[in-house]
*Asks:* 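Below you'll find the structure I mean.
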Amino acid sequence: MAPIQFITTPTGDRMVVMPEDEYRNLIETAEDASDIADANRINERIAKGEEELIPSEFVNRIIDGECKVTVWREYRAMSASELAENAGISAECLLQIENGERGVSFEAVKKIATALNISVDDLA
């Protein structure tokens, strides 16, 4: 470790001078610690059932623009008629939503999200 130098500015602020490599290592270590803390928080939320891990095949389908309702329904292993019944909407309405033929009211989105056990944000 190279020597560290302290400098006091004319306004009284103390500054530290250190080799750039050591500075970069210090920043990297701090970032790693932050990443580890974030991962621990997510793992705690998963353990509490507040977060859910979703297989990449389903995430990729959403990223590729597939209807989120359809992807979530299939991830939950529900038939269209099951989801429609659980959401309290008609099967025809659900079919139109999944096919992009019909806009979705916020009330319908709330019902569908509840039936899929997800948040409304997951369907936005």
Side-chain angles (χ1 to χ4, degrees):
M1 179 189 247
I4 295 175
Q5 181 181 9
F6 293 92
I7 299 172
T8 303
T9 67
T11 60
D13 293 329
R14 284 180 46 97
M15 309 293 275
V16 176
V17 178
M18 66 174 48
E20 184 176 355
D21 288 345
E22 288 185 34
Y23 170 76
R24 290 188 189 284
N25 287 337
L26 184 64
I27 294 298
E28 186 176 323
T29 300
E31 289 172 349
D32 288 348
S34 176
D35 291 345
I36 290 168
D38 289 344
N40 288 339
R41 279 191 292 278
I42 290 294
N43 286 335
E44 288 171 12
R45 290 180 56 84
I46 291 167
K48 291 178 183 176
E50 297 170 354
E51 291 287 341
E52 177 177 15
L53 295 177
I54 301 162
S56 62
E57 91 177 66
F58 291 96
V59 174
N60 289 336
R61 288 172 58 190
I62 290 171
I63 290 170
D64 290 341
E66 193 170 334
C67 176
K68 292 177 183 179
V69 173
T70 304
V71 174
W72 276 104
R73 176 178 60 75
E74 291 177 359
Y75 174 64
R76 296 285 191 236
M78 296 174 79
S79 68
S81 60
E82 282 179 289
L83 177 55
E85 183 178 329
N86 293 344
I89 62 175
S90 71
E92 180 181 339
C93 175
L94 180 62
L95 183 64
Q96 290 173 338
I97 291 168
E98 288 191 354
N99 289 331
E101 299 168 359
R102 175 185 182 139
V104 186
S105 71
F106 184 70
E107 194 59 37
V109 170
K110 287 192 321 189
K111 290 178 179 180
I112 292 168
T114 299
L116 291 169
N117 193 30
I118 58 176
S119 73
V120 171
D121 291 340
D122 291 325
L123 295 177

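Positions are given from 1, in the same order as the sequence printed here. Note that the structure is predicted; figures quoted are calculated from it, not measured.
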*Asks:* Measure the CD-CG distance between E66 and N60 for me, rounded to the nearest 0.5 Å.
*Replies:* 11.0 Å
*Asks:* Is the shortest side-chain heavy-atom distance between I97 and I112 below 4.5 Å?
*Replies:* yes
*Asks:* Compare all side-chain heavy atoms of D38 with those of R41 and state whether any distance is below 4.5 angstrom.
*Replies:* yes
*Asks:* Could you go through residues 68-80 and list every donor-acceptor pair under 3.5 Å that involves a side-chain atom there, pairing it with any protein atom two or more places apart or in another chain?
*Replies:*
{"unit_1": "K68", "atom_1": "NZ", "unit_2": "A124", "atom_2": "O", "d": "2.0"}
{"unit_1": "T70", "atom_1": "OG1", "unit_2": "E98", "atom_2": "OE1", "d": "3.4"}
{"unit_1": "R73", "atom_1": "NE", "unit_2": "E98", "atom_2": "OE2", "d": "2.7"}
{"unit_1": "R73", "atom_1": "NH1", "unit_2": "M78", "atom_2": "O", "d": "3.0"}
{"unit_1": "R73", "atom_1": "NH2", "unit_2": "E98", "atom_2": "OE1", "d": "3.1"}
{"unit_1": "E74", "atom_1": "OE1", "unit_2": "R61", "atom_2": "NH1", "d": "3.1"}
{"unit_1": "E74", "atom_1": "OE1", "unit_2": "R61", "atom_2": "NH2", "d": "2.5"}
{"unit_1": "Y75", "atom_1": "OH", "unit_2": "E52", "atom_2": "OE2", "d": "3.4"}
{"unit_1": "Y75", "atom_1": "OH", "unit_2": "L53", "atom_2": "O", "d": "3.3"}
{"unit_1": "R76", "atom_1": "NE", "unit_2": "L116", "atom_2": "O", "d": "2.7"}
{"unit_1": "R76", "atom_1": "NH1", "unit_2": "E52", "atom_2": "OE2", "d": "2.6"}
{"unit_1": "R76", "atom_1": "NH2", "unit_2": "E52", "atom_2": "OE1", "d": "3.0"}
{"unit_1": "R76", "atom_1": "NH2", "unit_2": "L116", "atom_2": "O", "d": "3.3"}
{"unit_1": "R76", "atom_1": "NH2", "unit_2": "N117", "atom_2": "O", "d": "3.3"}
{"unit_1": "S79", "atom_1": "OG", "unit_2": "S81", "atom_2": "OG", "d": "3.1"}
{"unit_1": "S79", "atom_1": "OG", "unit_2": "E82", "atom_2": "N", "d": "3.0"}
{"unit_1": "S79", "atom_1": "OG", "unit_2": "E82", "atom_2": "OE1", "d": "3.3"}

*Asks:* What's the spacing between I27 CD1 and D32 CG if we round to 0.5 Å?
*Replies:* 11.5 Å
*Asks:* Answer yes or no: is there an ion pair linking E20 with R24, defined by an N-O contact shorter than 4.0 Å?
*Replies:* yes
*Asks:* CD/E50 to CD1/I42 distance, rounded to the nearest 0.5 angstrom?
*Replies:* 10.0 Å
*Asks:* Between atom CG of D21 and atom CG of L26, what is the distance when rounded to the nearest 0.5 Å?
*Replies:* 12.5 Å
*Asks:* Between P19 and P3, which heavy-atom pair has the shortest distance, and what is it?
*Replies:* CD-O, 4.3 Å
*Asks:* Using 0.5 Å steps for rounding, measure from the CE atom of M18 to the CD1 atom of I4.
*Replies:* 4.5 Å
*Asks:* Applying a strict under-4.5 Å side-chain criterion to I, L, V, M, F, W and Y, I'd like to know whether I46 and V59 cluster together.
*Replies:* no
*Asks:* Around atom CD of Q96, are there more than 12 heavy atoms from other residues, nucleotides or ligands closer than 6.0 Å?
*Replies:* yes
*Asks:* NZ/K111 to CG/N86 distance, rounded to the nearest 0.5 angstrom?
*Replies:* 12.5 Å
*Asks:* Between D122 (side chain only) and S119 (backbone N and O only), is there a donor and an acceptor less than 3.5 Å apart?
*Replies:* yes
*Asks:* For residues S90 and C93, report the shortest heavy-atom separation together with the two atoms involved.
*Replies:* OG-N, 2.9 Å
*Asks:* Do you reckon L95 sits in the same ILVMFWY cluster as L123, going by side-chain contacts under 4.5 Å, direct or chained?
*Replies:* no
*Asks:* Do the side chain of T29 and the main chain of N25 share a donor and acceptor less than 3.5 angstrom apart?
*Replies:* yes
*Asks:* Should M15 and F6 be counted in the same cluster of Ile, Leu, Val, Met, Phe, Trp and Tyr side chains packed under 4.5 Å apart?
*Replies:* no
